[in-house]
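Inspection log for the structure reproduced underneath, given as structure tokens.
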Number of protein chains: 2
Amino acid sequence: MSTEHPPRPTDAELEILTVLWSRGPTTVRDVHETIAARRPTQYTTVLKQMQVMAEKGLVLRNEDQRAHIYEAARPREWTQKQLAGDILARAFNGSAKSLMMGALSSRKASKQELAELRALLDEYEKRTR
Amino acid sequence: MSTEHPPRPTDAELEILTVLWSRGPTTVRDVHETIAARRPTQYTTVLKQMQVMAEKGLVLRNEDQRAHIYEAARPREWTQKQLAGDILARAFNGSAKSLMMGALSSRKASKQELAELRALLDEYEKRTR
DNA sequence: ATCTTACTACGAGGATCGTCGTATGTCAAC
DNA sequence: GTTGACATACGACGATCCTCGTAGTAAGAT
């Protein structure tokens, strides 16, 4: 059993993980095309990045096909939990309230989003009571 | 007028900013002693770091005294807003709900903290209605 | 068979990060 | 005026990040 955590992803790595999470297991080409649609970048740059990520344990690679299939080693929620916990401890003194204040003040929140947040609190309280 | 944003602070820079925010304007010695109490580090390491931070615009430096006085260039809340907005966009698809889920799942939240979060939502809704 | 296309492997380079050692300056106390 | 304590300045080093070019390989099309 692996209790080994992959390291915190860097900015570029997180961008790639985001694609993998939404696309599911896929090829370098696919990831590159997605990223290149928003930002100019070379195919081999993405390739190299993903090779390094495989070494770090951030992604898994299936080499059965000629075009290797990559997938995120950890589910989105798992990594989000790590990142949230990390930033919470390092920048917000562990205060979830401060973090939420920062998030809300960084952009407008819709009425619906606020309702979702309330629902989340309800749910959390129910689950842990 | 400066609309110039200082860059996102690195991990080491954030640690120093945290000290400056809680201590207020102070010397390198003071910052170093605070950090060295938790983690072994050399005085000149902290000094160099803070010099670089001054160049980047992350801190302000008053050189009137022999021991320069440093202070954070931006208040804690301002930087927290940047960091929250940044992580929100890069790792959480802009979803405050996901961010909150990550934060809550990363460690236990007390009943009081949950109440604070509710109060924060109330307050936010009131202010923006 | 050769050509073309698509893929991986890999080295390398420039930038930034975090660290520290050393040089140098200042000031007070002896 | 020499010494010692304490401050800044600064260069340099190893590690990591991000980028890309080039080489090599596999497979299908002509």
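Order of the sequence lines sets the chain letters (A, B, ...), proteins ahead of strands, with each chain counted from 1. What you see is a predicted model; the values in this text were computed from it and never measured.
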Under 3.5 Å, which donor-acceptor pairs link side chains of residues 75-82 of chain B to any protein atom two or more places apart or in another chain?
| unit_1 | atom_1 | unit_2 | atom_2 | d |
| --- | --- | --- | --- | --- |
| B:Q80 | NE2 | A:A91 | O | 2.9 |

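- A search for salt bridge (Lys or Arg N to Asp or Glu O under 4.0 Å) contacts involving B:E13 returns B:K56, not counting sequence neighbours.
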What pairs of nitrogen or oxygen atoms, one from the protein and one from nucleotides 15-19 of chain D, lie under 3.5 Å apart?
| unit_1 | atom_1 | unit_2 | atom_2 | d |
| --- | --- | --- | --- | --- |
| D:dC17 | OP2 | A:K56 | NZ | 3.0 |
| D:dC18 | OP2 | A:T10 | OG1 | 2.4 |
| D:dT19 | OP1 | A:R39 | NH1 | 3.3 |

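- A:H68 has its NE2 atom 14 Å from the P atom of D:dT25, to the nearest Å.
- Scored by the ring-ring contact (aromatic ring centres under 6.0 Å, His included) test, B:H32 finds B:Y43 as partners (sequence neighbours excluded).
- Note: CD (B:E33) to P (D:dC6) measures 10 Å, nearest angstrom.
- In the region residues 20-32 of chain A, proximity to DNA chain C at under 4.0 angstrom, judged on heavy atoms, holds for A:R29.
- At a threshold of 4.5 Å between non-hydrogen side-chain atoms, the residues A:V28 and A:H68 do not count as touching.
- What separates OH of B:Y43 from C1' of D:dC10 is a distance of 14 Å, to the nearest Å.
- Remark: B:E125 pairs with A:R118 by the salt bridge (Lys or Arg N to Asp or Glu O under 4.0 Å) rule, at least two apart or across chains.
- B:E113 and B:R107 are joined by a salt bridge, as a carboxylate oxygen and a charged side-chain nitrogen come within less than 4.0 angstrom of each other.
- Atom CG of A:L47 is separated from atom P of D:dT22 by 16 Å (rounded to the nearest Å).
- For A:R29, there are no salt bridge (Lys or Arg N to Asp or Glu O under 4.0 Å) partners, not counting sequence neighbours.
- Look at CD1 on B:I35: it is 12 Å from P on C:dG18, rounded to the nearest Å.
- Take A:E63 and apply the side-chain hydrogen bond (donor to acceptor under 3.5 Å, both in side chains) test, not counting sequence neighbours, and it matches A:R61.
- At a non-hydrogen distance threshold of 4.0 Å, B:R61, B:R66, B:A67 from residues 57-67 of chain B come into contact with DNA chain D.
- Take B:S95 and apply the side-chain hydrogen bond (donor to acceptor under 3.5 Å, both in side chains) test, not counting sequence neighbours, and it matches B:S98.
- Going from atom OH of A:Y70 over to atom P of C:dC7 covers 12 Å, rounded to whole Å.
- Apart from B:M101 itself, the hydrophobic cluster it occupies contains A:M100, A:M101, A:L104, A:L114, A:L117, A:L120, A:L121, A:Y124, B:M100, B:L104, B:L114, B:L117, B:L120, B:L121, B:Y124, where clustering links Ile, Leu, Val, Met, Phe, Trp and Tyr at side-chain heavy-atom distances under 4.5 Å.
- In this structure, B:Q51 does not reach the D:dT8 phosphate: none of its side-chain N or O atoms is under 4.0 Å from OP1 or OP2.
- A salt bridge (Lys or Arg N to Asp or Glu O under 4.0 Å) check over residues 83-102 of chain B, counting only residues at least two apart or in different chains, returns the pairs A:D11-B:R90, B:R8-B:D86, B:D86-B:R90.
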